[in-house]
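To keep things clear, I will list the structure first and then write my remarks on it.
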Amino acid sequence: MLIKLHKINKQYGQGSAARRVLRDVDLAIAEGDFAAIVGTSGSGKSSLLNVIGGLDRDFTGEAEVVGQSLRGLSDRALSMLRNRSIGFIFQQFNLLEHLSCGENVALPAVFSKWDKAKVKRRVDDVLERVGLADRRDHLAGRLSGGQKQRVAIARALFHSPTLLLCDEPTGNLDTRTGRAVIELFQQLNDEGITLLIVTHEARVSDAARRVLRIEDGSLSEDPAPQVGSGGSDA
Ligand SMILES: Nc1ncnc2c1ncn2[C@@H]1O[C@H](COP(=O)(O)OP(=O)(O)OP(=O)(O)O)[C@@H](O)[C@H]1O
Ligand SMILES: [Mg+2]
């Protein structure tokens with residue numbers, strides 16, 4: 001299993017101000033899976049993703065991600081895991097707008113000892129992968145939303161992650177641009193990358209193989225669609 005969660009509990013605040021946001025969450029995600037997490041605003045989706053991604057260590061329970069138990073990891077080992085094995089994609093793209101696309105994509109290389117030529121080759125490769133090879137030297141701030149998100153995806157792919165964690169990746173995109181990003185996710189999944197995507201949008205969860213529902217911090221899973229049941233699978 002690429003992700004294994006057992007009885008994850010999380011609360012914000014202490015004492016009478018405490019608010020429980022994850023309740024006994026169990027989850028197993030196999031390598032190559034494509035899972036969507038859906039739920040209403042405030043149900044705990046981002047909180048769960050932050051635990052899985054090692055961005056939030058303030059939880060109880062057992063979490064194993066890409067073969068490593070998050071509990072036992074040093075800060076340094078956790079940073080390595082985040083930088084090397086996990087790609088993050090957010091609704092707001094989180095690009096540095098005054099830098100070029102290529103410079104944004106190369107940011108993960110800050111922590112590696114690669115020489116310039118190797119970094120440049122990798123930047124070109126991943127920009128090519130998302131269809132933006134010709135935009136390497138353009139300012140990120142001058143791109144459209146869909147292009148910004150593809151640059152963010154290229155950056156997430158820099159170190160060939162096994163797992164992509166996405167929080168509302170199409171939330172700021174119009175229908176057509178969002179569809180292109182979903183198609184890109186499907187291709188990446190076909191190539192073996194495991195995807196866990198938080199979404200409000202049916203078009204995203206329809207593309208996923210598994211749909212996990214979170215309600216007030218409790219996770220459940222929709223039954224797998226029956227093959228040949230005549231449901232829409234376009
Ligand atoms: N840093 C924080 N401190 C205190 N409470 C928080 C914090 N972050 C989130 N919460 C609360 O925890 C609950 C779950 O938040 P979370 O961000 O996980 O929800 P979400 O499902 O991602 O919502 P949305 O769809 O709006 O992004 C909410 O009630 C929120 O107000
Ligand atoms: Mg959220």
Side-chain angles (χ1 to χ4, degrees), residues 2-29 33-65 70-71 73 75 78-79 81-82 86-95 145-146 148-153 155-156 161 163-175 177-179 181-182 184-185 188 194-222:
L2 203 66
I3 301 174
K4 231 161 84 185
L5 305 183
H6 183 60
K7 282 197 182 297
I8 298 296
N9 283 278
K10 161 150 197 82
Q11 63 177 43
Y12 292 108
Q14 294 296 327
S16 58
R19 204 197 135 83
R20 243 179 121 188
V21 293
L22 297 176
R23 298 167 191 268
D24 288 335
V25 170
D26 288 342
L27 176 64
I29 301 278
D33 242 341
F34 181 170
I37 302 178
V38 301
T40 53
S41 181
S43 55
K45 304 183 296 296
S46 297
S47 301
L48 179 59
L49 218 56
N50 290 343
V51 166
I52 294 170
L55 299 171
D56 180 357
R57 305 179 84 174
D58 183 21
F59 63 89
T60 64
E62 285 158 48
E64 205 181 287
V65 178
L70 298 184
R71 193 151 284 289
L73 288 185
D75 288 352
L78 193 64
S79 304
L81 175 71
R82 283 202 305 259
I86 305 175
F88 293 92
I89 292 156
F90 302 95
Q91 179 171 358
Q92 319 291 347
F93 321 131
N94 292 4
L95 298 180
K148 283 181 187 170
Q149 193 57 300
R150 284 187 285 151
V151 170
I153 294 170
R155 181 181 57 192
L163 173 64
L164 279 185
L165 298 177
C166 316
D167 199 344
E168 295 284 358
T170 54
N172 277 332
L173 304 179
D174 62 52
T175 309
T177 318
R179 195 180 309 130
V181 166
I182 294 165
L184 179 57
F185 282 137
L188 294 170
T194 307
L195 294 177
L196 187 57
I197 303 188
V198 163
T199 186
H200 278 109
E201 298 181 32
R203 60 184 175 155
V204 181
S205 50
D206 285 350
R209 265 189 278 243
R210 297 172 61 184
V211 179
L212 307 157
R213 241 164 248 286
I214 187 162
E215 219 173 303
D216 196 20
S218 296
L219 195 69
S220 60
E221 179 157 5
D222 286 4

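Counting convention: from 1, in listed order, for ligands and their atoms alike. All values below were derived from every heavy atom in this structure, side-chain atoms included, with hydrogens, water molecules and symmetry-related copies excluded.
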Using 2.8 Å as the threshold, say whether any N, O or S atom from S46 sits that close to the Mg ion (ligand 2). yes
Sort out the contact shell of ligand 1: every protein residue with a heavy-atom distance below 4.0 Å, listed by chain and number. Y12, R19, V21, T40, S41, G42, S43, G44, K45, S46, S47, H200
Got a donor-acceptor contact below 3.5 angstrom from the E168 side chain to the H200 backbone? yes
Using the rule side chain to side chain contact (heavy atoms under 4.5 Å, CB included), only one of I8, L5, N9 pairs with D24; which is it? N9
cation_pi(R150, F93) dist<6.0 Å, angle<=45: no
Donor-acceptor contact below 3.5 Å, side chain D216 vs main chain S43: no
My understanding is that only one of L212, I52, L163 makes a side chain to side chain contact (heavy atoms under 4.5 Å, CB included) with I29; could you say which? L212
Is a side-chain N or O of K45 found less than 3.5 angstrom from the main chain of G39, in a donor-acceptor match? yes
